[in-house]
Peer 1: 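Below: one structure in structure tokens.
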Amino acid sequence: MLIQCICAFLSTVGYCFIFNIPRRHLIPASFVGAAGWALYQYLTAQGESKIAACFAAACLVTALAELFSRICKDAAILFSIPGILPIVPGAGMYNTMRAFLARDLEQTAAVGYETILMAASIAVGLLVVSSLLRIVTAVASLVPTRTE
Amino acid sequence: MNIREKQIMLLALRAGELMLKNGAETARVEDTATRICHAFGIKEAEVFAMPTGIFITVNSPEDHAQVQTYVKRIKSSRIDLERISKINAFSRTLTKQPVSVEDAMQTLSHLSEDIQFAFVFRLLGAAMIASFFTVMFGGGLSDFFCSLIVGTLTYVFHSLLAKLQLNWFIEDFLACAVATTLTLTLTAIGIGRDIDPIIIGSIMIFLPGVAITNAVRDFLAGDTMAGLSRAAEAMLTAVSIAMGVILVFQLYSVSGGVL
């Protein structure tokens, strides 16, 4: 598990290099990636479905990205893009192809379905947390004017 | 429409273009360009951005008969988050402390110069992604080194392809085909044992994570057109990666492992 986290951290560092993240954000951005992957691994090890794990990890990544964007005063995508990449279902896609090539249509359908739902659940996770945050900030911006 | 207003529009257009080219979501581009126009005192400015183009219309404050529109077609795009961050910060400082249009233009053209991590760094990044993902998906130590080589060579190949300015569909397709070929060759000569984690690691670099993230952000901002086109981009990228890998596997099995 620890090795998994370190690997996730270092591979997110790799994404930071490729996408040219400002150097001062390198560690927070990589931390977001490692945290997302750790949660995903933990949940799948607990017997949760990959889809639910992806959703939870995407939620965590978005929340952390928004948090770091507040702390470091920079755009949230600087943290969410490298953070989200480890949980994008590359392995699912690959396994779908392998099953397809092996003429195992049942397996292709099963794995392919799971992969598409994983990608969708990442999108939904991003959507849910950003929307919640919008509601919170909108409400928070109302409160001070009322108390004045 | 005087010269100054034209310059301001060009400034906003250039900033928007740079952001779109480097992978910003459209809402941020529109926001930045509008903010630049407002910062220089143009009240009536409308900006409409899509992943493939940007439109700016300005209504002259003195003469209401004068409406000016600029259109910029965005062709290539790659991802450079540092530049987005810098242009974003630049537009925010403009609203706080006014500078002359010429100075602002100069700052912007300075920002547009190549400030990417050196190629060596990006190569290192690609190698790290490939090799550590291989371990994350269950590869051993020899697989780690194998995908380190595959990831590096594939990224070099992909960068060379990008110089030819084909489209990204073909680039991803060919890069993944090369990654699969290299993996099969290297495992055949004994470097690396398990092909599955190595190939997964090598294709992780090309996965459309940015497109997925931006698609969602575009939808959330109400830019359904941009969101749909990014979502389509994500799907097409996934298909082209899959096709690249499938092609090589099929050739491999047809030729009986000679390849």
Side-chain angles (χ1 to χ4, degrees), chain A residues 3-23 25 29 37 41 58 61-62 65 73-98 100-101 115-116 119-120 122-127 130-131 134, chain B residues 22-25 28 79-86 88-89 115-117 121-137 151 155 196-197 199-201 203-210 212-217 219-220 231 234-235 238 241-243 245-246 249-250 253:
Chain A
I3 294 172
Q4 285 275 332
C5 288
I6 295 169
C7 285
F9 186 87
L10 289 172
S11 52
T12 319
V13 170
Y15 279 122
C16 293
F17 282 156
I18 289 215
F19 295 143
N20 200 17
I21 302 276
R23 263 156 247 215
H25 300 328
W37 181 255
Q41 281 293 315
V61 166
T62 320
K73 295 199 170 47
D74 219 325
I77 54 163
L78 293 178
F79 305 100
S80 60
I81 285 179
I84 217 79
L85 277 159
I87 51 172
V88 174
M93 215 177 88
Y94 176 77
N95 290 331
T96 313
M97 288 179 315
R98 285 311 293 267
F100 180 70
L101 282 175
T115 307
I116 291 171
I122 293 174
V124 173
L126 281 167
L127 205 69
S130 329
S131 312
R134 257 177 204 222
Chain B
N22 290 300
E25 70 274 38
R28 186 181 304 281
I79 293 132
D80 185 339
L81 296 176
E82 173 155 35
R83 207 165 293 173
I84 294 174
S85 154
K86 282 193 169 162
N88 206 25
I115 43 165
Q116 272 201 311
F117 275 129
F121 262 110
R122 279 181 286 141
L123 205 58
L124 179 72
M128 280 168 81
I129 294 170
S131 51
F132 287 113
F133 269 114
T134 302
V135 179
M136 280 155 76
F137 289 110
Y155 193 72
D196 293 350
I199 294 178
I200 294 172
I203 61 176
M204 282 309 273
I205 308 166
F206 305 106
L207 284 186
V210 180
I212 293 178
T213 318
N214 274 343
V216 173
R217 289 196 152 253
F219 274 124
L220 197 67
M235 255 185 281
I241 293 171
M243 285 301 140
V245 180
I246 284 181
F249 267 122
Q250 272 307 50
S253 65

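Chain identifiers are assigned alphabetically (A, B, ...) following the order of the sequence lines, protein sequences preceding nucleic acid strands; residue numbering begins at 1 within each chain.
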Peer 1: Check each atom of B/Tyr155 against the heavy atoms of chain A and say whether the ones under 4.5 Å are side chain, backbone, both or neither.
Peer 2: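 Just its side chain gets close to chain A.
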Peer 1: Looking at chain B, which one of A/Ile77, A/Val88, A/Asp74 has the largest number of heavy-atom pairs inside 4.5 Å, strictly under?
Peer 2: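 It is A/Ile77.
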Peer 1: Is A/Val13 close to B/Phe132 at the side-chain level, that is, under 4.5 Å between some pair of heavy atoms?
Peer 2: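 Not touching, per the 4.5 Å side-chain cut-off.
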Peer 1: Does any backbone or side-chain atom of A/Leu78 lie under 4.5 Å from a heavy atom of chain B? Answer side chain, backbone, both or neither.
Peer 2: both
Peer 1: Side-chain contact test, heavy atoms from C-beta onward, threshold under 4.5 Å: evaluate it for A/Leu85 versus B/Met204 and give yes or no.
Peer 2: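 Result no, sub-4.5 Å side-chain heavy-atom pair not found.
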Peer 1: Enter the distance from B/Leu207:CG to A/Met93:CE here, rounded to the nearest 0.5 Å.
Peer 2: 5.5 Å
Peer 1: Any chance you could measure B/Leu220, atom CG, to A/Leu127, atom CG, to the nearest 0.5 Å?
Peer 2: 5.5 Å
Peer 1: If every non-hydrogen atom of B/Phe137 is compared with every non-hydrogen atom of A/Ala91, which pair is closest and at what distance?
Peer 2: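 Where B/Phe137 meets A/Ala91 most closely, the heavy atoms are CE2-CB, 3.5 Å.
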Peer 1: Which residue in the set B/Ile129, B/Leu124, B/Leu123, B/Ile79 passes side chain to side chain contact (heavy atoms under 4.5 Å, CB included) when paired with A/Ile18?
Peer 2: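 Exactly one candidate clears the test, B/Ile129.
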Peer 1: Indicate the atoms forming the closest heavy-atom contact of B/Ile199 with A/Tyr94, along with that distance.
Peer 2: CG2-CE1, 3.4 Å
Peer 1: Tell me, for B/Val135 versus chain A, whether the close heavy atoms (under 4.5 Å) come from the side chain, the backbone, both or neither.
Peer 2: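 Contact with chain A involves both backbone and side-chain atoms of B/Val135.
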Peer 1: What's the separation between atom CG in B/Asp80 and atom CD1 in A/Ile21, rounded to the nearest 0.5 Å?
Peer 2: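 So the CG of B/Asp80 and the CD1 of A/Ile21 are separated by 9.5 Å.
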Peer 1: Quick check for you: to the nearest 0.5 Å, what is the distance between A/Trp37 atom CH2 and B/Phe133 atom CZ?
Peer 2: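 Spacing of CH2 (A/Trp37) from CZ (B/Phe133) equals 7.0 Å.
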Peer 1: Name the region of B/Asn22, side chain, backbone, both or neither, that has any atom closer than 4.5 Å to a heavy atom of chain A.
Peer 2: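 For B/Asn22, neither part sits under 4.5 Å from chain A.
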Peer 1: What's the shortest heavy-atom distance between A/Ala76 and B/Arg28, and which atoms?
Peer 2: N-NH2, 4.3 Å
Peer 1: What are the two closest heavy atoms between B/Thr213 and A/Ser80, and how far apart are they?
Peer 2: CG2-OG, 3.9 Å
Peer 1: Where do B/Met136 and A/Gln4 come nearest, in terms of heavy atoms and distance?
Peer 2: O-NE2, 3.2 Å
Peer 1: Measure A/Phe100 against the heavy atoms of chain B and call it side chain, backbone, both or neither at under 4.5 Å.
Peer 2: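 Side chain of A/Phe100 only, per the 4.5 Å heavy-atom cut-off to chain B.
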Peer 1: Out of curiosity, B/Met128 CE to A/Leu10 CG, how far, rounded to the nearest 0.5 Å?
Peer 2: 5.0 Å
Peer 1: Mind checking the CD1-CD1 spacing from B/Ile212 to A/Ile81? Nearest 0.5 Å is all I need.
Peer 2: 11.0 Å
Peer 1: Measure across A/Gly90 and B/Ile200 and return the closest heavy-atom pair with its distance rounded to 0.1 Å.
Peer 2: C-CG2, 4.3 Å
